[in-house]
There are 2 protein chains.
Amino acid sequence: MGEIDNFRNYLNQVISMDGHSFGLAKPYFQVEKIGKGDYLVTEGQKCNKIVYINKGLFRIFYLKDGVEINTCFCKDKSITSSFKSFINQVPSTEYIQALENSVVVSLSSENLSKLQNESPTWQTIRQLLTEKECLRLYDRATSLSFESALEKYKYLLNYHPEIIQRVSIQHIASYIGVSRETLSRIRSQIRD
Amino acid sequence: MGEIDNFRNYLNQVISMDGHSFGLAKPYFQVEKIGKGDYLVTEGQKCNKIVYINKGLFRIFYLKDGVEINTCFCKDKSITSSFKSFINQVPSTEYIQALENSVVVSLSSENLSKLQNESPTWQTIRQLLTEKECLRLYDRATSLSFESALEKYKYLLNYHPEIIQRVSIQHIASYIGVSRETLSRIRSQIRD
DNA sequence: TTCTTCAATTGACAATTGTCACAAAATTTA
DNA sequence: TAAATTTTGTGACAATTGTCAATTGAAGAA
């Protein structure tokens, strides 16, 4: 059960976790393999779970006039979900797709609620994970408000270099809101 | 105590509030008047409180190379804070300034923690307020990722028309990330 | 390996937006 | 009220970015 141990280690970074609280949750975890290109969540489907990524990489995107707009890259040893769907209990407007062969541990909204009732630790975990997502969105909004494409790309380079290494240019371009061509030119400019 | 009753009504929309839980909190509330142009939070200062705006309007901005960048407008009958500072307990990187003469009710981080320990209702309130902030940031990131200045402005017009009525053009321009001149031209274009 | 397919780059040109300068309008102050 | 200050609007031009088309490069399949 290496996946679940890793999940536990991840949670321990967020809040120091007593054995009992984690033990309560073990029967609720579900380990899944998601092949490259496959979907964890699709539009119209309720996202009733939070997902710990043990291995792999995902992107979140939505369709705007038929064009895919990337809004997030989620790498291993972190948590992903379609939070808007999860929080509001409404169908997702976005897709979560594996960019690499991945292994995840998921915990359903229903089971998380049960855990929160049984143990205050899980209530705190939920609070802290929500805060983490808040901070992530704050950073994303900040970087999107940078004026030039160059600045946006440099921000990624500084703060999320792993993303640039593992994700294709076209997806990064969509993420920072410029055309692939523009991003390509920025990169060649930076190389000099 | 009209301000505090209004705050209670606001919280009731978020979670139905028993009299006891709210009663616990009453001694912790602090009512303040903030004059137009004055600051609720400034850079470098820890933002150790959440603030219910009973009357008035605020903007949140940060300085980028000496230029003010607006990131949020907070109107009456809602809650504001420098959440990044509040969550991480670090000095704020942003300013919260009153755009109109305002009256607020504030609750310190310290007292909120006390309330959370005394009553699970307040723990839930904190969770729900954090989720609300998450959804707001999600929407902001979405609107910032729209390509053209026209689209960004139309998004505001559709979803936050009150902002456009109450906030000056220069501040809105900074918020959506275009120059005042461009926004001015967009407006004259829409008038036709 | 070679072929096939998809991703990334580059050029040319058009569209959008920013910058600067100044005029007009609105708001504040005396 | 008039004067001063701030905000908004507009023209001219430069810089940035998008779009389309063609080329180059890289990764996977036979």
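Every chain is numbered from 1, with letters handed out A, B, ... down the list of sequences.
- If you check the side chains of Q127(B) and Q123(B), you find no donor sitting under 3.5 Å from an acceptor.
- Distances shown here put every side-chain N or O of T182(B) at or beyond 4.0 Å from the OP1 or OP2 atom of dT17(C).
- In this structure, S184(B) does not reach the dT10(D) phosphate: none of its side-chain N or O atoms is under 4.0 Å from OP1 or OP2.
- Between Y159(A) and Y155(A), the angle of the ring planes lies from 30° to 60°, which puts this pair in the tilted group.
- Following rounding to the nearest Å, L99(B) (CG) and dT6(D) (C1') show an atom-to-atom distance of 15 Å.
- In summary, the side chains of Y175(A) and R59(A) do not present any donor paired with an acceptor at a separation below 3.5 Å, with no hydrogens or angles considered.
- When the nucleotides dC20(D), dT17(D), dC20(C) are ranked by their closest atom to the side chain of A149(A), dT17(D) comes out on top.
- Taking a 4.0 Å limit (strictly below) on heavy-atom distances, residues 157-174 of chain A reaches DNA chain C at S168(A), I169(A), Q170(A).
- Across dG18(D), dT17(C), dC20(C), the shortest atom-to-atom separation from the side chain of E181(B) is found for dC20(C).
- The distance from atom CZ of R187(A) to atom C1' of dA8(C) is 8 Å, rounded to the nearest whole Å.
- Note that CG of N12(A) and CG of D18(A) are 9.5 Å apart. Values are rounded to the nearest 0.5 Å.
- Map K36(B) and I186(B) each onto its nearest nucleotide of DNA chain C; the residue landing nearer the 5' end is I186(B).
- The existence of a salt bridge linking K33(A) and E3(A) is excluded, since no basic side-chain nitrogen approaches an acidic carboxylate oxygen closer than 4.0 Å.
- With a 4.5 Å cut-off on side-chain heavy atoms, L156(B) and S143(B) do not count as touching.
- With hydrogens and angles ignored, a donor-acceptor pair under 3.5 angstrom links the side chain of R185(B) to the base of dG11(D).
- Looking at S21(B) and S119(B), their side chains do bring a donor and an acceptor atom within 3.5 Å of each other.
- The distance between atom CZ of R180(B) and atom C1' of dG18(C), rounded to the nearest whole Å, is 11 Å.
- Smallest separation of non-hydrogen atoms from E32(B) and S106(B): OE1-OG, 3.4 Å.
- Remark: P of dT16(C) and NZ of K152(B) are 15 Å apart, rounded to the nearest angstrom.
- The CD1 atom of I190(B) sits 12 Å away from the P atom of dG9(D) (whole-angstrom rounding).
- Regarding D65(A), its CG atom lies at a distance of 16 Å from the C1' atom of dT19(D), rounded to whole Å.
- Distance OH (Y153(B)) to C1' (dT16(C)): 18 Å, rounded to an integer number of Å.
- What separates CG of L183(B) from P of dT7(D) is a distance of 15 Å, to the nearest Å.
- Residues from residues 66-76 of chain A with heavy atoms under 4.0 angstrom of DNA chain C: there are none.
- Here the options are Q45(B), E43(B), E68(B), the test is side chain to side chain donor-acceptor pair (under 3.5 Å), and the partner is Y95(B); only E43(B) passes.
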